[in-house]
Each structure stands twice: as C-alpha cells, then as structure tokens.
Q: 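Please read through the structure below; I'll follow up with questions.
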Amino acid sequence: MNKAYSSQEIEQKIYQLWEEGGFFEPQGTGEPYCIVMPPPNANEALHAGHAVFVTIEDALIRYHRMKGLKALWLPGADHAGFETQVVFEKKLEKQGKSRFDFDRETLFKMIWDYVQENKDVAKDQLKRLGASCDWSRAKFTLDPDIIKIVYGTFEQMHKDSLIYRGERVINWCPKHQTGFSELEVKYEDREDKLWYIRYDLKSPAASEGRHAPNPKSIVVATTRPETMLGDTAVAVNPKDKRYQDLIGATVRLPLTNREIPIVADEVVEMEFGTGAVKVTPAHDQSDFEISQRHDLPLITVVGKTAKMTEEAGRDYAGLKVEEARTKIVADLKAQGFLEKEEPYKHSVGVCYKCGRTIEPLVSKQWFVKIAPLAEKAIAAVKKGEAKFTSSKYERIFMHWMNNIRDWNISRQIVWGIRIPVWYCNQDKTCYVISDKKPDKCQKCGATEFVAEEDTFDTWFSSGQWPFATLQTTKEGDFEAFYPTSVMETGWDILFFWVARMLMLGLYRTGQVPFKNIYMHGLVRDKDKQKMSKSKGNVINPLAVVDGYGADALRMSLVFGSSNESDIVLSEDKIIAHRKFANKIWNASRFTLSQLEDSSADEFNPTQIKPKYTQEDEWILEELKKTAKEVTQNLEKYKFHEAAQAIYHFFWHSFCDRCIEDAKKRIYEPSSKEDKQTAQLVLWTVLYDSLKLLHPFMPFITEEIYQKLPSRPKKALIIEDWPSKI
RNA sequence: GGGCGCGUAGCUCAGUUGGCUAGAGCGUUUGAUUCACAUUCAAAAGGUCAGAGGUUCAAGUCCUCUCGCGCCCACCA
C-alpha cells in the first residue's frame, strides 16, 4: 500500500469492480427499497447540487443494500425542455442565428443531436461521484415508452375534465417567445412611476336625488399607462362612497375617445391610488378576472414581441412598450389628461432565465384544473402516506397547495413532448387527442388536421417520473418498488416537481409516488453566498473529485449541515476530509501490516480464542455504540450525525487509543494470546468501521476491504450492515 | 400584505421528546513526535446559547414580545 492515500489511482478501478459484479442491481429477496433519482439534465455537466443528491441518495441506497434490502436506485436523464432549449438558443446566437430561422422539426432534430453529443457527460460524472445506481434501468424523459405514458395521462385527464384549453392571461417572455407558469416568473423591485390619468365622463351617472356633487371625471392610477389603449372599463370598489354615483356611468378613454363603462368590483382596493382602477383585461391577470365577471371585451394592445399592436392605434402600433409608455405620457400631458405622477416602488415580473419583463398576455393555452388533484395530495400528506422528514417543508408545501392555481402546461417551445392534440379546423374549436395523426374526427367528421405545436411544460412529464420509469424498466418493477421509499431532491423544486409528482402520481396510480420526502438545501460557498458563474465562486464537483477524491467531497457535503438547510462547501472543509481519508488509509495500512506479519500462522479471526483486556472491551463497546448511533441517525435521515459519529469513533477511539494500545501488545507481546487478541480487535474494529463508513466514503473503504484478510464477501458494497438497530 | 425559517466558540454549524461541568470541524496558542499518518499526538484558550419577560424543581431547548438576518408566497393596479 502507498504511504498516502491516492484517490486517483483507485476510484475508477473500484467503480468498475462494482459494476462488473452487478452489485447495483437489486439483489436477493429482501424488502424492496427504491429511490428514483432526480434526473440531471441530459446536456449538462453536474454542479455541486448534483453532488449533494448523489451523496445522500447513494448513502441511503448503500446503507439499505447492506441491510439486506432489495435496493434499487433508478437513474435517468431529463430533456429539461425550456432549460435545454435556452442553452441551445445561446449557441445559435453565437453563430448569429435564432431558433426562429428553423422550422419545428429541424430545430427539434438539431437539439436532439446536441443532447446526444452530451448525454454521457452527466452519466460519467455520476459514476465518478460513486453513484451506485442501476444503469441497466436508466431512463430518459423522451424515451418513447415514457412519452406514451405521459400521453395516456393527458388523455385520461382530459376525459376526467381535468384538462381544458382556455383563454387566460399568461406570463409571456418576449425574448423566449413562450408562456410560463407562475412559478417560472421571478419578481424584481423597481423604482417606477405611478401616473394619475383623468378619464372624463361621457354622461353623468344616474344619480338623481343624491346630494353628492355631480363629478365630471374619474382619475385612475397606473404604472402602465401604455396599456390604457386596451382599457375596457374603469373599476371601483362597490363600497367606495366616493364613487357610488359613478357606477354604471360611461367614460371616454383619453386619446381614443372610446367609450367604456365604470363597473364595481370587490377586488379594487379603496386605499390604493384614487380607488379607481383602469381595467385592461388583455394585459393583467386581475383585470382579466374583472372582465370575466362583468362581461367586458378584450383588446390586445401589446403583442408577443412586446411591441404595440395594430389595435393600439396608428400612433402607437409598432412601438416598443417602453417607447409607447413615454409617448402616451407625453400625449396625455399635452392634452391635459395627466393629473399627476409620483415615484413608486413595486415589483415587476421578469423571466427567470433572461430577466426580461414578463408581458401578461391573453392567449389560448392548455391548463390543468388543479384543485381536485391538490386536494388528494394534501390528504395523502395529512394521512402520512407521504411524510416530509422535515416539518418546515411540510408547512411550506401545505401553504402552497392550499393556494394553488390552475397550471398552464403548454409551452411555445419545440424541445419537449408535443401536446398530442390535432385540431379539426382553423379556429381550433374541435380537436382529437391522439399520439399519431388521426384518420377521422369522431365528433365533426374532419379528416384533415392541424397539429398542436405547443409542447408540455417539462414538469408535466417529469411529474410522472416515478411511476412512468418503474412501469417501463423491467417486468415487475412497478409492483415491487412503487410507491418508492423516498424522494430526495433540492427544496428549490418542491413546488415544481415534488408537488406535481404527488398530484400526478396519486391521480394515475391511486398511490403516493414516494413514502418519504427529504429536501436538501442549496450549496453555498464559505461566505454563504449562492454559487453562480457570474460571482466566480462555483465549486465544480468533478474538479474536487480530481483533486481530492470523491470520498472527501461526499464527506464534506454531509458534514456539518443538517435540518435539510443550506450546505456550506469550502476548500478547507474538503481538505479536512481528504485528511480523514488519509487517516483511514494509514490506520488500515498499519492494521493490515500487523495482521500480515504474524507469519507463524495465517491470521484467521475465527481461529482465535480471544482474551479481552479492559481496553479491548472498551473499544468493542464503543464500536457497538457507534454502529447503533450511525444506524439510528441514518434511519432518521440525520446524515451529518451519522457521519460525525463514525468519524469521531474512527479517528479518536480506534486510531488514538485502540491502535496505540495494540502497538505495545504486538511489538512486545506479553503472551501469544494477548498478541492475537490485539490483532483480532484491530481486525474486528477495522472491519466494522469500513462498513459503517462505506455509505459515505465508498471508494476508499472498498479498496481497503479488498485487501482485508479473511473478508467474507466479494465486496464491501454487499457486506452485512453491522447493527440491527 | 401573508407565510416559513434563522440568530449557539474567531469561522461553518450540531445539540433528538426541556434534565449531569453546552459539542464537532476548521482556525488560534503551547508542548511532544516523525516509531501507520503530504503528518500525527497531548493539552489549552475561546460561549451571560441575539435581547427582555414568562412557564417549570430544571430552558440553548416551551410561550410572549423586541431587535437583526434570510427565504417563500401574493391579482402592490
């Protein structure tokens, strides 16, 4: 053995040993244990967050495998619709091209090829981190059998009236040319202005017999004056005494003279601005809802590229929103309609990818009626069918689920699963749901169809991942492993993914997709800053593996972080655990050398009749206690405690005391029995320590195990866990 | 506006249902060793557990308030 531990020399060799041994496939007849891996993006290298899930999930899998459970860790890769398309678009941009230069099929094919080129990157990196997942079952989110299941879900939901196509205000990114769900919109604080605009009355309201002065106008406050061109009403609160007389009156929209009514609606807050609000149903979520209640028309004045439309009128059509705003304000001022303007701080929705201001636009999109699904998910969590290991995430989850809104699942991108709809006519009122182009519409008899061009929100398909994978891997997998044992993923995708999996899993299978939910935190740098490319503080896990070894990286990710909160990763911490790896190496090197040179008779633990000293009894007791502590903490998902327990035992009990004690007894033995007993103790403690360390530091422990005399199994990975509880 | 969480040694954090002199890693100081150890070992310093009040035989741990910080959600026109 080398004097110092060299991770580079052994890691690859050890991984190969496991793979060739077939140890990653579920073995034996034990109780099934299954984790479905959150599939990394197929086109991207892994980042620190991936290293966290590998560390935790692999520790769980290895522990349960050693405990004798039939353990399956099911890997996969995600096409990651929008994310990947954005990456690809940037590539195109560099070549001076845009995705709009290509037709749907060509673009899809180009991205497909691009993903194929990169698809092994993530897989190879997972292997380098030591992920003991069953590659023979690996799935890709665009596998035809997965798509088939996703289509089946869509069709079933449509039959159950849980899917509808509707005209709604959606969150539109003018750069990426797609709509989003509300989760993909980020908010940014902005210093803006609030403009007060006077709308003159066409005719006084019916107010005979009232004492109130008969007003001639009403003033509204807005941050988006340019959208006034699309106003179809002014709304006030029905309880607002100031405007009682005006409800039902008609005003003339400045600049256009179009006549619009004043309506009363509860959502209007009397305290804000003047208490009167302009209603622009085509460009504001809340206004849209008002328009539905009052049967108001829609006028779209902002188009999909954030430019004013023809409907905005000759003077403004074609202007960018910001230009239109400036011009409108100037025009209003010139014509005397601008009462005042004041500085105003508010938050504005922006695209989470590019930061462009989100334009709320009315558009026809596919929606999932979410309330019935949410109800079942809430009930399942309440009943404990799916348990959050941390109550804080359960509370956050419940709060969101109780306020959930219908889910826009259509995306105007090509990289994804096409929504399997075929329209029978141009106005798209009649359609057939089918994976292939249908022959004939049963409803209207049409034989010509227009294909839906939108694709599903990635989360609609990945929300079905646990059952879709297990139903398409191997015969009997679904029956054996569903519901899976635990879902472990980052808290940032609690709503995006975990909540959707629960809802869709319950809907499709009648069972929760996983029994436990463990959320890990964000990896931060030593100053607790979020890692980002622009800050230059990103720790590339593969670079760490190269420099310090996968075991050191894994150990530093579990050590000193708990409560499923954020994880601080620093070079100091990694170095500390590389030192620990070296300590393990050398303690083992010493132990093994002491067992070897008992040349007289080969070391054989079963042949030794030990005469334990007090010190021996102490270390064996400590070992037992540590095994119990590691086990209990693993059972409770307290990885940091488990790791710390074995770390402390190995270093300070085994190395500092047990080995020191053994030296005297082996070098200057008082009796043959005592020497042999000392050797047996060393062997025993090392043997069990390797097992206890293995879930966290799989490579080094396996390498040493392979050198251990009298080892009972082919590999440590399939050894028996040393503690029953 | 609503919700969640955090504030414990210089730094990063543990501390299970309230129970002995509050712990770990890194860092710092002193000594030893190079005899398995790209070192290691022994020892030490360092905390009024954010602050105030309360419950209790007993509170870092439960309750209330205050201060500071972070995050999430929301139809802030």
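As the structure is a computational prediction, the values presented were derived from the model and not from experiment. So you know, we letter chains A, B, ... as the sequences are listed, proteins then strands, and number each from 1.
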Q: Run the salt-bridge test on D265(A) and R293(A) with the 4.0 Å N-O cut-off and return the result as yes or no.
A: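 R293(A) and D265(A): salt-bridged.
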
Q: Regarding E615(A) and R657(A), does a basic nitrogen lie under 4.0 Å from an acidic carboxylate oxygen?
A: yes

Q: By the 4.0 Å heavy-atom rule, please label Q632(A) as base, sugar-phosphate, or nothing.
A: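 No contact.
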
Q: Given the C1' atoms of A74(B) and U66(B), what is the spacing between them in whole Å?
A: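 So the two C1' atoms sit 27 Å from each other.
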
Q: For R578(A), which contact category applies under a 4.0 Å heavy-atom criterion: base, sugar-phosphate, or nothing?
A: nothing

Q: Go through the steps to decide whether K625(A) and E629(A) satisfy the test salt bridge (Lys or Arg N to Asp or Glu O under 4.0 Å), and finish with yes or no.
A: CA-CA 6 Å; K625(A) 264 161 51 185; E629(A) 203 180 337; over 6 Å; no

Q: Classify the side chain of K636(A) and the base of U16(B) as holding, or not holding, a donor-acceptor pair under 3.5 Å.
A: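 In this structure, the two groups form a donor-acceptor pair.
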
Q: If you check the A587(A) side chain, which of A36(B), A14(B), G25(B) turns out closest?
A: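 For A587(A), the side-chain atoms sit closest to A36(B).
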
Q: G18(B) and G60(B): how far apart are their P atoms, nearest whole angstrom?
A: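 13 Å, rounded to whole Å.
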
Q: With respect to the side chain of K579(A), which nucleotide from G25(B), U40(B), G15(B) is positioned closest?
A: U40(B)

Q: On RNA chain B, nearest-nucleotide positions of Q644(A) versus D284(A): which is more 5'?
A: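 Taking each residue's closest nucleotide, the earlier one in sequence belongs to Q644(A).
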
Q: Provide the distance between the two P atoms, one in A14(B) and one in G5(B), to the nearest whole Å.
A: 15 Å

Q: What nucleotide among G5(B), C73(B), A36(B) has an atom nearest to a side-chain atom of K392(A)?
A: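 Of G5(B), C73(B), A36(B), G5(B) is nearest to the side chain of K392(A).
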
Q: Could you please name the option among A36(B), G25(B), G3(B) that lies closest to any side-chain atom of H399(A)?
A: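 Ranking A36(B), G25(B), G3(B) by closest atom to the H399(A) side chain puts G3(B) first.
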
Q: Take the protein atom CZ of F272(A) and the nucleotide atom C1' of C75(B), then report the distance between them rounded to whole Å.
A: 12 Å

Q: Find which nucleotide of RNA chain B each of M270(A) and E641(A) is nearest to by heavy atoms, and output the residue with the more 5' nucleotide.
A: E641(A)

Q: Which of these nucleotides, A38(B), U40(B), A77(B), is closest to any side-chain atom of K583(A)?
A: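 From the listed options, U40(B) comes nearest.
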
Q: What distance, rounded to whole Å, do you find between the two C1' atoms, one in G25(B) and one in U21(B)?
A: 22 Å

Q: Is the phosphate of A74(B) approached by R405(A) (side-chain N or O, under 4.0 Å from OP1 or OP2)?
A: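 So the side chain of R405(A) is within the cut-off, an N or O lying under 4.0 Å from OP1 or OP2 of A74(B).
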
Q: Regarding Y667(A), tell me which of base, sugar-phosphate or nothing describes its non-hydrogen contacts under 4.0 Å with the strands shown.
A: sugar-phosphate

Q: Between N171(A) (CG) and A74(B) (C1'), how many Å, whole number?
A: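 Taking atom C1' of A74(B) as the reference, CG of N171(A) is at 13 Å.
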
Q: How would you label the contact of W195(A) with the nucleic acid (heavy atoms, under 4.0 Å): base, sugar-phosphate, or nothing?
A: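 No contact.
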
Q: If you define the side chain from C-beta out and look only at heavy atoms, does anything of E266(A) sit under 4.5 Å from K239(A)?
A: yes

Q: Using a strict 4.0 Å threshold on nitrogen-to-oxygen distance, state whether D240(A) and R242(A) make a salt bridge.
A: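 Counted as a salt bridge, because a side-chain N and a carboxylate O are separated by less than 4.0 Å.
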
Q: By a strict heavy-atom criterion of less than 4.0 Å, which residues belonging to residues 654-663 of chain A are in contact with RNA chain B?
A: C655(A), D656(A), I659(A), E660(A), K663(A)

Q: Could you check which of A74(B), A14(B), A77(B) has an atom nearest any side-chain atom of T222(A)?
A: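 Shortest atom-to-atom distance from the side chain points to A77(B).
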
Q: Nearest to the side chain of W491(A) - A14(B), C71(B), A77(B)?
A: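 Closest nucleotide among those given: C71(B).
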
Q: Could you tell me if Y164(A) and D406(A) have a donor-acceptor pair between their side chains, going purely by distance under 3.5 Å?
A: yes

Q: Using modelled atom types only, decide if a donor and an acceptor are shared between the side chain of R554(A) and the backbone of F696(A) within a distance under 3.5 Å.
A: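 Indeed, once roles are kept as given, a pair shorter than 3.5 Å links the two residues.
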
Q: Once you apply a heavy-atom cut-off of 4.0 Å, does S347(A) come out as touching a base, just sugar-phosphate, or nothing?
A: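 Here S347(A) touches the bases of the nucleic acid.
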
Q: Base, sugar-phosphate or nothing for H652(A)? Non-hydrogen atoms, less than 4.0 Å.
A: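 It contacts sugar-phosphate atoms only.
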
Q: Can you check the K345(A) NZ to A77(B) C1' distance for me, whole Å?
A: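 Result: 18 Å.
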
Q: Would you please confirm or rule out a distance under 4.0 Å between OP1 or OP2 of G15(B) and any side-chain N or O of K638(A)?
A: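 Checking K638(A) against G15(B): at least one side-chain N or O falls below 4.0 Å of OP1 or OP2.
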
Q: Check this for me: does any side-chain nitrogen of one of E226(A) and R224(A) sit under 4.0 Å from a carboxylate oxygen of the other?
A: yes

Q: Indicate, with a heavy-atom threshold strictly under 4.0 Å, whether V277(A) touches base, sugar-phosphate, or nothing.
A: base

Q: With sugar-phosphate meaning primed atoms plus P, OP1 and OP2, does E289(A) contact a base, only sugar-phosphate, or nothing at under 4.0 Å between heavy atoms?
A: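 The answer is nothing, as E289(A) stays clear of every strand by at least 4.0 Å.
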
Q: Please determine whether a side-chain nitrogen or oxygen atom of N403(A) lies at a distance below 4.0 Å from atom OP1 or OP2 of A74(B).
A: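 Checking A74(B) against N403(A), no side-chain N or O comes under 4.0 Å of OP1 or OP2.
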
Q: Categorize A4(A) for me: base, sugar-phosphate, or nothing, with a 4.0 angstrom heavy-atom threshold over every strand shown.
A: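 Base contact.
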
Q: Enumerate, in order of first residue number, the stems that involve RNA chain B, defined as 3 or more consecutive Watson-Crick or G-U wobble pairs with both distances under 3.5 Å.
A: B:1-7 with B:67-73, B:10-13 with B:23-26, B:28-32 with B:40-44, B:50-54 with B:62-66

Q: Measuring centre to centre across the rings, with the benzene-like ring taken for any Trp, is F580(A) within less than 6.0 Å of Y647(A)?
A: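 Yes, the ring centres sit under 6.0 Å apart.
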
Q: Looking for any heavy atom pair under 4.0 Å, which part of the strands does V268(A) touch: base, sugar-phosphate only, or nothing?
A: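 Answer is base: heavy atoms of V268(A) come under 4.0 Å of a base.
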
Q: Side chain of A576(A) only, please: which of C71(B), G25(B), A36(B) is the nearest?
A: G25(B)

Q: How far, in whole Å, is G68(B) from A45(B) if one measures between their C1' atoms?
A: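 So the two C1' atoms sit 29 Å from each other.
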
Q: Starting at CD of E11(A), measure out to CD1 of I700(A) and round the result to the nearest 0.5 Å.
A: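 Rounded to the nearest 0.5 Å, the CD-CD1 separation comes out at 9.5 Å.
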
Q: Sticking with atom C1', work out how far G19(B) lies from U56(B), rounded to a whole angstrom.
A: 12 Å

Q: When rounded to the nearest Å, what value does the distance between C1' atoms of G51(B) and U8(B) take?
A: 14 Å

Q: Using atom C1' of each nucleotide, how far apart are A50(B) and G7(B) to the nearest Å?
A: 6 Å

Q: Between G5(B), G15(B), C26(B), which one does the side chain of Y647(A) approach most closely?
A: C26(B)

Q: Any side-chain N or O of N582(A) under 4.0 Å from OP1/OP2 of A36(B)?
A: no

Q: Indicate yes or no: does D616(A) engage R665(A) in a salt bridge with an N to O separation below 4.0 Å.
A: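 Here D616(A) pairs with R665(A) in a salt bridge, since their nearest N and O are under 4.0 Å apart.
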
Q: Has W651(A) got a side-chain N or O lying under 4.0 Å from the OP1 or OP2 atom of C41(B)?
A: yes

Q: Can you tell whether the side chains of D566(A) and R524(A) come within less than 4.0 Å, N to carboxylate O?
A: yes

Q: Tell me which nucleotide among A36(B), C4(B), G15(B) gets nearest to the side chain of I396(A).
A: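 Nearest to the side chain of I396(A) among the choices is C4(B).
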
Q: Has D231(A) got a side-chain atom pairing as donor or acceptor with A233(A)'s backbone, closer than 3.5 angstrom?
A: no

